[in-house]
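Input: a single structure, listed below in structure tokens.
Numbered from 1 within each chain, the chains take letters A, B, ... in sequence-line order.
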There are 2 protein chains.
Amino acid sequence: MRRPDARPLYMQVEAILKERIVSGAWVSGQALPAEPELAADLGVSAGTLRRALAELERRHLIERRQGRGTYVAQQTSERALGQFFRVRNLAGNPVEPETLITRVVTAPASEEDVECLHLSPGAEVHRIDRSRIFEGEPRIVERITLPAALFPGLSLPLAPEQLGTEIYVHYRYRHGIIVVRADEKLSATPASEEDAAVLGCAVGTPLLLIERVTFDAAGRAVELRVSRLDTRAHRYAVEIV
Amino acid sequence: MRRPDARPLYMQVEAILKERIVSGAWVSGQALPAEPELAADLGVSAGTLRRALAELERRHLIERRQGRGTYVAQQTSERALGQFFRVRNLAGNPVEPETLITRVVTAPASEEDVECLHLSPGAEVHRIDRSRIFEGEPRIVERITLPAALFPGLSLPLAPEQLGTEIYVHYRYRHGIIVVRADEKLSATPASEEDAAVLGCAVGTPLLLIERVTFDAAGRAVELRVSRLDTRAHRYAVEIV
DNA sequence: CAGTGGTCTAGACCACTTT
DNA sequence: AAGTGGTCTAGACCACTGA
């Protein structure tokens, strides 16, 4: 452990461990070495290591269980929904969405794509159009835009046994992309004719417009997602701390 | 420091310190004793005390500055806006709101008030109707509902020299209420005639509807705020982690 | 330069899980 | 019983602030 690096040791350790996960040296579900061993390997004290591990746990990159061990976090539909799917019914309870993919194309990035995803002009993107269905009713129409360079040979949950699998699980296991954070900008917009046809509402019905940019563990912008939520029977939950 | 209490020591210490702040034993802006002294007073080690202080800092109840000391956090308009005011212009930059209070009344709580604020039926509430103005244009109409029991003799920033003061600053210094957290439910709604008249938009224009319940450091629901944001030129920013 | 918070260490002991 | 993470301590040293 060298100290010309100005950052505190625990941050350096955190960066080293994060790199091992992001690079795939430690794979999802794998147990990390026990704390005393890992601390000795890294040449730091147990306390310093634990501080780094605590931060990785907060970012959902590892899971620690007393008595069992520390594991590289697995991406599951439950986790992806719990962390990133903020839709609630009017009683305030989470809803379980189904997904219907309507169109997948690969095309040159638009100006908006280039800006939001930090692409070079002319880069290619995949576009996924889909709707999300709660209790049989379509309530969201959305378009997901992905840099083609990060998702070569894009693979989607199209097989019947995968229909319940959240797309962030595929990012992780098919493309090695670990989603950790998203920035959203919210507004209200009237339903277009296409929106209305899918959602079963009148043209002009106010919809909640969600423009999400998603970031991975390496800090890259990996997804632009524009969603329109029909809020006649649902709400979007936010906590401010 | 007794140990029949099942919680870890650092949580007990955190609760003790929080109580001193909430009760007013330590007032806003006051310096806490230095860490070694405070640790000795509490009968815990420096490390345990620091863990409790770190959590209080995360909740914005204290501020720590290396070389200077630890202080009970002061509520300022800048802090209130930075933490709780999520409106951005289309460039993504924060906006500085002005406030126009249009009506203040005290009335029995509605069913919604009782449920959101955990009141007993028949309790009284204050209602504040106001609009918020960015760059000269009214963009938000909102109603704030406060339990009259927590805000006796409600005092508001009505004097000219207080017009730039955020209302959470008044909660803190006039009523001893320290706002730390808020839960919001977002949806889209058409502008009513009154909304349209204030916001200068057409009736039916989609507005972002924000239903916020605010909590204080003691965990009490202290405010219900229903806002309608005109998103023609602004967005509501959210971060998901 | 004195006083403050921030980092880092080494080690004891506790609580939980699995064998 | 063995092995894991969780808590707590005591103390050294560093980095920053303000008189």
Side-chain angles (χ1 to χ4, degrees), chain A residues 1-18 20-21 26-74 79, chain B residues 1-18 20-21 26-74 79:
Chain A
M1 200 61 31
R2 292 301 177 77
R3 289 313 302 276
D5 186 338
R7 288 179 302 173
L9 251 189
Y10 65 86
M11 283 190 195
Q12 300 177 43
V13 170
E14 183 196 339
I16 291 169
L17 300 181
K18 188 193 289 184
R20 293 189 185 176
I21 295 170
W26 285 344
V27 303
S28 192
Q30 177 177 345
L32 271 60
E35 288 182 9
E37 181 186 344
L38 186 51
D41 284 354
L42 294 164
V44 301
S45 73
T48 299
L49 171 63
R50 283 184 60 76
R51 188 159 176 181
L53 291 174
E55 182 59 19
L56 293 175
E57 185 179 36
R58 207 182 65 80
R59 304 257 179 189
H60 304 292
L61 288 174
I62 61 173
E63 290 173 6
R64 317 171 77 187
R65 272 182 289 178
Q66 188 173 8
R68 272 183 50 83
T70 301
Y71 298 82
V72 179
Q74 295 188 272
R79 269 238 308 109
Chain B
M1 199 64 28
R2 292 301 178 81
R3 288 314 304 274
D5 187 336
R7 286 179 304 171
L9 251 189
Y10 66 85
M11 284 191 194
Q12 299 177 44
V13 170
E14 183 197 338
I16 290 169
L17 300 181
K18 187 192 290 184
R20 293 190 187 177
I21 296 171
W26 285 344
V27 304
S28 195
Q30 177 176 345
L32 272 60
E35 288 182 8
E37 181 186 342
L38 186 51
D41 284 354
L42 294 164
V44 302
S45 72
T48 298
L49 171 63
R50 282 185 59 77
R51 187 159 177 180
L53 291 174
E55 181 61 19
L56 293 175
E57 186 179 36
R58 207 182 64 80
R59 304 257 177 188
H60 304 290
L61 288 174
I62 61 172
E63 290 173 7
R64 317 172 75 185
R65 270 182 290 177
Q66 187 173 8
R68 272 182 51 84
T70 301
Y71 298 83
V72 179
Q74 296 188 275
R79 269 237 310 108

(request) Let me know the distance between CG of B/Leu49 and P of D/dC8, rounded to the nearest Å. (result) 12 Å
(message) Please report the distance, rounded to the nearest Å, between CG in B/Leu38 and P in C/dG6.
(response) 13 Å
(request) Using the side-chain contact (heavy atoms from CB on, under 4.5 Å) rule, take A/Leu17 and A/Leu49 through it: C-alpha gap first, then chi angles, then the decisive distance, then the call. (result) CA-CA 10 Å; A/Leu17 300 181; A/Leu49 171 63; 4.0 Å; yes
(request) Apply salt bridge (Lys or Arg N to Asp or Glu O under 4.0 Å) to A/Glu35 and list each qualifying residue two or more places apart in sequence or on a separate chain. (result) A/Arg50, A/Arg64
(message) Salt bridge check, A/Glu55 against A/Arg51: does any charged N sit closer than 4.0 Å to a carboxylate O?
(response) no
(request) Verify the contact: side-chain N or O of A/Thr48 to OP1 or OP2 of C/dT7, cut-off strictly under 4.0 Å; return yes or no. (result) no
(message) Please report the distance, rounded to the nearest Å, between CD in B/Glu14 and C1' in D/dT7.
(response) 15 Å
(message) So which atom in B/Gly29 and which in B/Tyr71 form the shortest heavy-atom distance, rounded to 0.1 Å?
(response) O-CD2, 3.5 Å
(request) For B/Gln12 and B/Arg7, indicate whether the former's side chain and the latter's backbone hold a donor-acceptor pair under 3.5 Å. (result) yes
(request) Only counting residues at least two apart or in another chain, list the ones meeting side-chain contact (heavy atoms from CB on, under 4.5 Å) with B/Gln74. (result) B/Ser28, B/Tyr173
Donor-acceptor pairs under 3.5 Å, side chain of residues 36-48 of chain B to any protein atom, not counting sequence neighbours: which ones?
{"residue": "B/Ser45", "atom": "OG", "partner": "B/Thr48", "partner atom": "N", "Å": "3.4"}
{"residue": "B/Ser45", "atom": "OG", "partner": "B/Thr48", "partner atom": "OG1", "Å": "3.3"}

(message) What verdict does the side-chain contact (heavy atoms from CB on, under 4.5 Å) test give for A/Glu57 and A/Leu53, after you've listed the backbone C-alpha separation in whole Å, the side-chain angles of each residue and the deciding distance to 0.1 Å?
(response) CA-CA 6 Å; A/Glu57 185 179 36; A/Leu53 291 174; over 6 Å; no
(request) Specify the residues of residues 27-37 of chain B, ordered by number, for which at least one heavy atom lies under 4.0 angstrom from an atom of DNA chain D. (result) none
(request) Check whether any side-chain nitrogen or oxygen of B/Tyr10 sits under 4.0 Å from OP1 or OP2 of D/dT7, and answer yes or no. (result) yes
(request) Could you tell me the separation between the CD atom of B/Gln12 and the P atom of D/dT7, rounded to a whole number of Å? (result) 12 Å
(message) Regarding B/Arg50, tell me which of base, sugar-phosphate or nothing describes its non-hydrogen contacts under 4.0 Å with the strands shown.
(response) base
(request) Using whole Å, report how far CZ of B/Arg51 lies from P of C/dC8. (result) 17 Å
(message) How many whole angstroms separate atom CZ of A/Arg7 from atom C1' of D/dC14?
(response) 18 Å
(message) Just to verify, what does B/Arg65 make a side-chain contact (heavy atoms from CB on, under 4.5 Å) with, not counting sequence neighbours?
(response) B/Arg68
(request) Give me the residues of residues 62-72 of chain B where at least one heavy atom lies under 4.0 Å from an atom of DNA chain D, by number, or none. (result) B/Gln66, B/Gly67, B/Arg68
